[in-house]
Engineer: 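Here it is: the structure, laid out below.
The shown structure was predicted, so the numbers you read here are calculated from the model rather than taken from an experiment. Side-chain atoms are counted along with the backbone in the values below, which use heavy atoms only and exclude waters and symmetry mates. In what follows, chains carry the letters A, B, and so on, assigned in the order in which the sequence lines appear, proteins first and then strands, with residues in each chain numbered from 1.
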Amino acid sequence: MRKKYIMVALLGVLLSAVAGWAFYLYNKPHRNVAGVRAVAEIDAAGLYAAYKQDETGADRKFVGKVIEVKGTIITVQLTDSTANVRLGAAGTDGAVSCDFLVGKGTKPDLPSKGSAVVIKGRCTGFLEDVNLVDCVVE
Amino acid sequence: MNKYIIFIALIFCAGSSYGQLYYSRTGSIGFYASTPLEDIKAENNQVYVLIDIGKRELAFSSLLKGFIFPKELMQEHFNENYVESDKFPKATFTGNFTGSVDVKKDGSYPVQVKGELTLHNVVKMVELPAMLEVKGGMIMATAHLMVKPEDFQINIPSVVRNKIAREVSINVNANCSPK
């Protein structure tokens, strides 16, 4: 009889743990890539050139991946709800566009135009720029 | 794919209409759908927007993986189960607008936009009112439309279908500068 109670109690603990884990996963908030290891390091001009030469191939290599991109900031845009910097690709009018998460009442501390920086972010693909989201300055 | 070629062609036509072409690389598209449990919303702040005032043409393009949701799991479901962004990575719009806009005179100019929205490899004609606000040489474009996921062959499982709004509200905002 006692064994049965122990089994029921263990089952209850197990079910609670599974439910708790599922609840955590369901509600896990969107975060930036701080603490996520980058799978590649590349400079902005190299990344832009890779996309201009072969967008499909570059997508296979970079989309969805966290990468570190080195470059010089050519524009900074900060509003109440958006934060973006573009890393110039020398010799082109293209760039690597880096989008930062903006929380309620908190804005990321962005480097100024002209700064040489390394930005880590998750690549989403190519429009006129190569786009990264969830960025952080390394 | 044809719509994307038209979009690119519009970009390359920039030289022929200098002074009439406005663009933004950081336009925003936000969408919102209410459910009894919680609201589903996301925003993309890297939308490429192009407005040709002379030809009264308007286009925008966005990467679907660029939509940021408050919850990671929602974003994963959106990309993998609904819009299938690995197969169809971009949403594009190309169209024309009626109504006149004087870029030399600050003011708000309501226009009617009509064009083709491509999403999930489905092209659909949409018509919507928009506002082009000229201020200090820039154009702030705002538009709102309602979209039914089923119109773009985005299938929502029946077990959750009745819990999600039939139409998704979409807002477009872009502060465009001369190209």
Engineer: Hydrophobic clustering (ILVMFWY, side-chain heavy atoms < 4.5 Å, transitive) - are B:Phe31 and B:Met74 grouped together?
Structural biologist: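 Same hydrophobic cluster.
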Engineer: Relative to chain B, which segment of A:Arg122 carries a heavy atom at a distance below 4.5 Å: side chain, backbone, both, or neither?
Structural biologist: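 For A:Arg122, there is no contact with chain B at all, as no heavy atom is under 4.5 Å.
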Engineer: So which part of B:Pro89 gets closer than 4.5 Å to some heavy atom of chain A, the side chain, the backbone, both or neither?
Structural biologist: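 When you check distances to chain A, no heavy atom of B:Pro89 falls under 4.5 Å.
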Engineer: Do B:Arg25 and A:Arg86 have side-chain heavy atoms sitting under 4.5 Å apart?
Structural biologist: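 Yes, at least one pair of side-chain atoms sits under 4.5 Å.
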Engineer: Indicate if B:Leu64 and B:Val147 have the same hydrophobic cluster label, given that clusters are the connected sets of ILVMFWY residues with side-chain heavy-atom separations under 4.5 angstrom.
Structural biologist: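 Hydrophobic grouping puts B:Leu64 with B:Val147.
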Engineer: Provide the closest heavy-atom pair for A:Thr82 versus B:Ser28 in the form atom of the first, atom of the second, distance.
Structural biologist: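 Heavy atoms only, the tightest pair is CG2-OG, 4.3 Å.
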Engineer: Rounded to the nearest 0.5 Å, what separation is found between the CD atom of A:Glu128 and the CG atom of B:Leu50?
Structural biologist: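 The distance works out to 8.5 Å.
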Engineer: Atom CD1 of B:Ile68 and atom OG1 of A:Thr124: how far apart are they, to the nearest 0.5 Å?
Structural biologist: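 Here the interatomic distance stands at 8.0 Å.
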Engineer: Would you find more than 12 non-hydrogen atoms of other residues, nucleotides or ligands less than 6.0 Å from B:Lys114 atom NZ?
Structural biologist: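 Not more than 12 within 6.0 Å, no.
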Engineer: Is any side-chain N of the basic residue among A:Glu55 and B:Lys90 closer than 4.0 Å to the acidic one's carboxylate O?
Structural biologist: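 Looking at A:Glu55 and B:Lys90, the cut-off is met.
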Engineer: Same hydrophobic cluster for A:Val117 and A:Val76, using side-chain heavy-atom links shorter than 4.5 Å among ILVMFWY?
Structural biologist: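 Same cluster.
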Engineer: I want to check something: taking the side chain as every heavy atom from C-beta on, are A:Asn84 and B:Gln46 in contact at a cut-off of under 4.5 Å?
Structural biologist: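 A side-chain contact exists here, since the closest heavy-atom pair is under 4.5 Å.
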Engineer: Membership question, hydrophobic clusters at under 4.5 Å side-chain separation (ILVMFWY): are A:Leu47 and A:Val33 in the same one?
Structural biologist: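 No, it is not one cluster - the side chains of A:Val33 and A:Leu47 are not joined through contacts under 4.5 Å.
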Engineer: Does any backbone or side-chain atom of A:Asp59 lie under 4.5 Å from a heavy atom of chain B? Answer side chain, backbone, both or neither.
Structural biologist: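 No part of it gets close to chain B.
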Engineer: Which region of B:Ser85, side chain (C-beta onward) or backbone (N, CA, C, O), has a non-hydrogen atom less than 4.5 Å from a non-hydrogen atom of chain A, or is it both or neither?
Structural biologist: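 Neither; nothing under 4.5 Å.
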Engineer: Which region of A:Asp99, side chain (C-beta onward) or backbone (N, CA, C, O), has a non-hydrogen atom less than 4.5 Å from a non-hydrogen atom of chain B, or is it both or neither?
Structural biologist: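 Contact with chain B: backbone and side chain both.
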Engineer: Looking at OG1 of A:Thr79 and CG of B:Asn173, how far apart are the two atoms once the value is rounded to the nearest 0.5 Å?
Structural biologist: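 Those atoms lie 10.5 Å apart.
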Engineer: Show the nearest heavy-atom pair for residues A:Val133 and B:Gly66, with the distance to one decimal.
Structural biologist: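 Shortest heavy-atom separation between A:Val133 and B:Gly66 comes out as CG1-CA, 4.3 Å.
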Engineer: Would you say B:Met146 ends up clustered with B:Val123 if hydrophobic residues are merged whenever their side chains have heavy atoms under 4.5 Å apart, either directly or through other cluster members?
Structural biologist: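 They do not share one cluster, since no chain of ILVMFWY contacts under 4.5 Å joins B:Val123 to B:Met146.
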Engineer: Does CG in B:Asp39 sit with more than 12 non-hydrogen atoms of other residues, nucleotides or ligands closer than 6.0 Å?
Structural biologist: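 For B:Asp39, atom CG is crowded (more than 12 foreign heavy atoms under 6.0 Å).
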Engineer: Side chain, backbone, both or neither: which part of A:Leu132 has a heavy atom under 4.5 Å from chain B?
Structural biologist: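 A:Leu132 touches chain B through backbone heavy atoms alone.
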Engineer: Enter the distance from B:Phe69:CZ to A:His30:NE2 here, rounded to the nearest 0.5 Å.
Structural biologist: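 One gets 10.0 Å once the value is rounded to the nearest 0.5 Å.
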Engineer: Could you tell me whether A:Lys65 atom NZ has more than 12 heavy atoms of other residues or ligands within 6.0 Å of it?
Structural biologist: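 Enclosed: over 12 neighbouring heavy atoms sit under 6.0 Å from NZ of A:Lys65.
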Engineer: At a heavy-atom separation under 4.5 Å, does B:Gln75 approach chain A through its side chain, its backbone, both, or neither?
Structural biologist: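 Side chain only.
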Engineer: If you count every heavy atom of other residues, nucleotides or ligands that lies below 6.0 Å from B:Met125 atom CE, does the total exceed 12?
Structural biologist: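 More than 12 within 6.0 Å, yes.
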Engineer: I'd like to know whether NZ of A:Lys70 has more than 12 heavy-atom contacts from other residues, nucleotides or ligands below 6.0 angstrom.
Structural biologist: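 Counting other residues, nucleotides and ligands, NZ of A:Lys70 stays at 12 neighbours or fewer.
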Engineer: Working to the nearest 0.5 Å, report the span between OG of A:Ser81 and CD of B:Glu43.
Structural biologist: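 One finds 6.0 Å between OG of A:Ser81 and CD of B:Glu43.
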